[in-house]
Amino acid sequence: MAAVTSLILRDVRRTESYYFACGGLADLYKGQWTRQPGDILPVAIKLIRRSSWNDKSTAERAQKRFLREAYLWAQLHHPNIVPFYGLIFERDFPGLVMPYYKNGDLIQYLRKHPEAKKLDLICQVAAGLVYLHELKPNSVVHGDIKASNIMVTDAGQACLTDFGVAKMLSVSGYTTTNLGGTCRWMSPELLEEYDPSPTVFSDTWAFGMTILQIFTGKVPFDYLRNDATVIISLAKGTLPEKPEEVNNTIWAMLKRCWAAEPTKRPAVSTLSIVLSIMAHQHLTPEHVNDLVDSLELERPRAKDEETIRTASSSPTAMLVHQPTPEKQGKQPFSSHFHRKLSLDKILTHDSTSPVSFHSLLRRSPDEKHTEPPPLTISSEPHAYRCHWPNCEAHFITLEPWRAHYTDHWLASKSDDDDGTSPMPGISSILT
């Protein structure tokens, strides 16, 4: 089901003077969005930091990144992806509007709720990441997976956010080679290459580091005080030391995530199966390794890392929002720009030359304002799909999806008794 929507929001305002969180070029503010009279939602507003406004190159870079993030984020619809509400403009600079969650990010949530089931939260993160990697027609690489980029909803569900580094594969003119993640979560190839670009393989590495962070409550390599030492250690092939909080079974899976050869790292869909079974059945490290091997043998796989890098080598689309003096007002945190952004045109323009924001607009019938054709996007969450070999089942919610993997596991045990196991390589872990 598709819905026609505009990404430019009306009636969004900031409710506090100071930001409650900050990032590289942006700050997050609490706000409200009045969707209609009597329907007010608490929101978080991601705005370009004011100190960057006086630096033209930094401001333009931030604008391009924000608009790019808005386009990609608007196409993502999954229970484990933070929803994107839309765009506002403050002094002609774009701001991103999303739900405000009082639980904060995943580490903040676990500090307040130490009794929370970590493995359940990790399975939820895995489900969101699987959705990104298998999105059709174009996969999405997140590029900056860590606990601070995982929010926890008011219902206690983990959701991925912050798609400023994310990229869409196989779309000419809409990829990036900018390195934006944090080195403690980065795979070695991203730190060593001259022109690094995140891949599904580097996402797997970062996901493993995030699992480590979730179990320990500490950043990866927390015993190394500065990032330079971390980079040197990674260049030498050094992995994190095993902490007491992580059992041997989880550790066996994490080591598979941190394979030195990128293409040897398991797909996140494989990890989601292992994690789901692990939540219901006791597994040993040997079980984990054999299960990963069997699932990877059965799974259709990208040809190689170079194929993905080639698909993502085109330059980033350049977008420039030009100010309109007559539209400027004294409502800096309200969306007083009522124009609609035709984001479908972003993909079709010549990506080698800048595009004026005004070039994306057209005159309305009354000639009083500009208005492009609205954007049509899917409004339904994507179902949870089973990734067990030869199974096409889909589920609306997470828990039946996870239990379904356990059913496959038990069925494989039963089939192994009469030699009819659908996965020959799995027989060694069913005894």
Side-chain angles (χ1 to χ4, degrees), residues 7 9-49 66 69-70 73-74 76-88 90 95-129 131-132 142 144-164 166 182 210-211 213-219 332-335 379 381 397-399:
L7 294 184
L9 299 181
R10 301 170 182 258
D11 301 321
V12 176
R13 67 181 185 90
R14 183 169 61 116
T15 56
E16 295 185 1
S17 301
Y18 298 98
Y19 59 81
F20 68 89
C22 59
L25 290 173
D27 299 316
L28 279 174
Y29 294 85
K30 292 181 183 179
Q32 288 183 342
W33 174 28
T34 304
R35 294 193 294 185
Q36 55 187 1
D39 184 10
I40 301 176
L41 288 181
V43 297
I45 307 170
K46 183 177 180 181
L47 294 167
I48 298 174
R49 185 169 300 117
F66 264 50
E69 182 176 359
W73 198 355
L76 306 179
H77 303 275
H78 188 273
N80 299 112
I81 301 292
V82 172
F84 175 61
Y85 287 157
L87 281 164
I88 64 170
E90 178 191 345
L96 310 180
V97 183
M98 68 202 81
Y100 172 75
Y101 298 127
K102 61 185 179 181
N103 284 324
D105 66 39
L106 191 47
I107 293 301
Q108 292 172 330
Y109 177 74
L110 289 173
R111 286 172 182 164
K112 299 174 185 175
H113 303 276
E115 76 287 354
K117 296 181 179 179
K118 295 182 175 66
L119 200 55
D120 287 354
L121 293 166
I122 292 169
C123 285
Q124 293 166 17
V125 177
L129 194 53
Y131 165 77
L132 292 179
H142 187 281
D144 196 15
I145 302 168
K146 53 187 176 183
S148 60
N149 286 337
I150 301 167
M151 306 305 294
V152 180
T153 69
D154 295 347
Q157 181 164 282
C159 296
L160 283 166
T161 189
D162 197 346
F163 300 93
T182 308
T210 302
I211 294 174
Q213 183 185 13
I214 291 170
F215 275 105
T216 64
K218 303 174 182 177
V219 298
F333 286 94
S334 65
S335 181
S379 59
T397 57
L398 182 68
E399 192 53 38

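Values below: all heavy atoms of this structure, side chains included; hydrogens, waters and symmetry mates excluded. It should be emphasised that the depicted structure is a prediction, and the values quoted were computed from it without experimental measurement.
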Full working for salt bridge (charged side-chain N to carboxylate O under 4.0 Å, His left out) between Lys46 and Asp162: CA-CA 10 Å; Lys46 183 177 180 181; Asp162 197 346; 3.4 Å; yes
Any donor-acceptor pair under 3.5 Å from Trp73 side chain to Val82 backbone: yes
First locate atom CE of Met151, then atom CE of Met98, and finally report the distance between them rounded to the nearest 0.5 Å. 8.5 Å
Determine whether a donor-acceptor pair (N or O, by modelled atom type, separation under 3.5 Å) exists between the side chain of Gln124 and the backbone of Ala158. yes
Just how far is it from atom CD1 of Ile88 to atom CD of Glu90, taken to the nearest 0.5 Å? 7.0 Å
Test item: Thr397 side-chain N/O and Glu399 main-chain N/O as donor-acceptor pair under 3.5 Å: no
Which distance, rounded to the nearest 0.5 Å, do you find between the OG1 of Thr34 and the CD1 of Ile40? 4.5 Å
Exam field: side chain Tyr85 to backbone Leu96, donor-acceptor pair closer than 3.5 Å: no
Looking only at atom types and distance, does a side-chain atom of Gln213 sit under 3.5 Å from a main-chain N or O of Ala147, one as donor and one as acceptor? yes
With rounding to the nearest 0.5 angstrom, report the SG to CG distance, Cys123 to Asn80. 10.0 Å
Please walk me through it: do Leu47 and Asp27 pass side-chain contact (heavy atoms from CB on, under 4.5 Å)? CA-CA 5 Å; Leu47 294 167; Asp27 299 316; 5.8 Å; no
Candidate pair Tyr19 and Leu28, rule side-chain contact (heavy atoms from CB on, under 4.5 Å), full reasoning: CA-CA 5 Å; Tyr19 59 81; Leu28 279 174; 5.6 Å; no
Which pairs would a plain distance check flag for residues 104-111, meaning a side-chain donor or acceptor within less than 3.5 Å of a matching protein atom at least two apart in sequence or in another chain?
from: Asp105; atom 1: OD1; to: Ile107; atom 2: N; distance (Å): 3.1
from: Asp105; atom 1: OD1; to: Gln108; atom 2: N; distance (Å): 2.9
from: Gln108; atom 1: OE1; to: Asp105; atom 2: N; distance (Å): 2.9

Restricting to salt bridge (Lys or Arg N to Asp or Glu O under 4.0 Å), what partner residues turn up for Asp120, sequence neighbours left out? Arg402
Compute the ring centroids of Tyr100 and Phe20, then answer whether they are less than 6.0 Å apart. yes
Could you tell me the separation between the CG atom of Leu160 and the NZ atom of Lys146, rounded to the nearest 0.5 Å? 13.0 Å
Could I get the full list of salt bridge (Lys or Arg N to Asp or Glu O under 4.0 Å) partners for Glu16, not counting sequence neighbours? Lys30
How long is the span from the NZ atom in Lys118 to the CG atom in Leu121, to the nearest 0.5 Å? 9.0 Å
With a 3.5 Å distance limit and no angle check, can you tell me whether Thr153 reaches the backbone of Ala155 through a side-chain donor-acceptor pair? yes
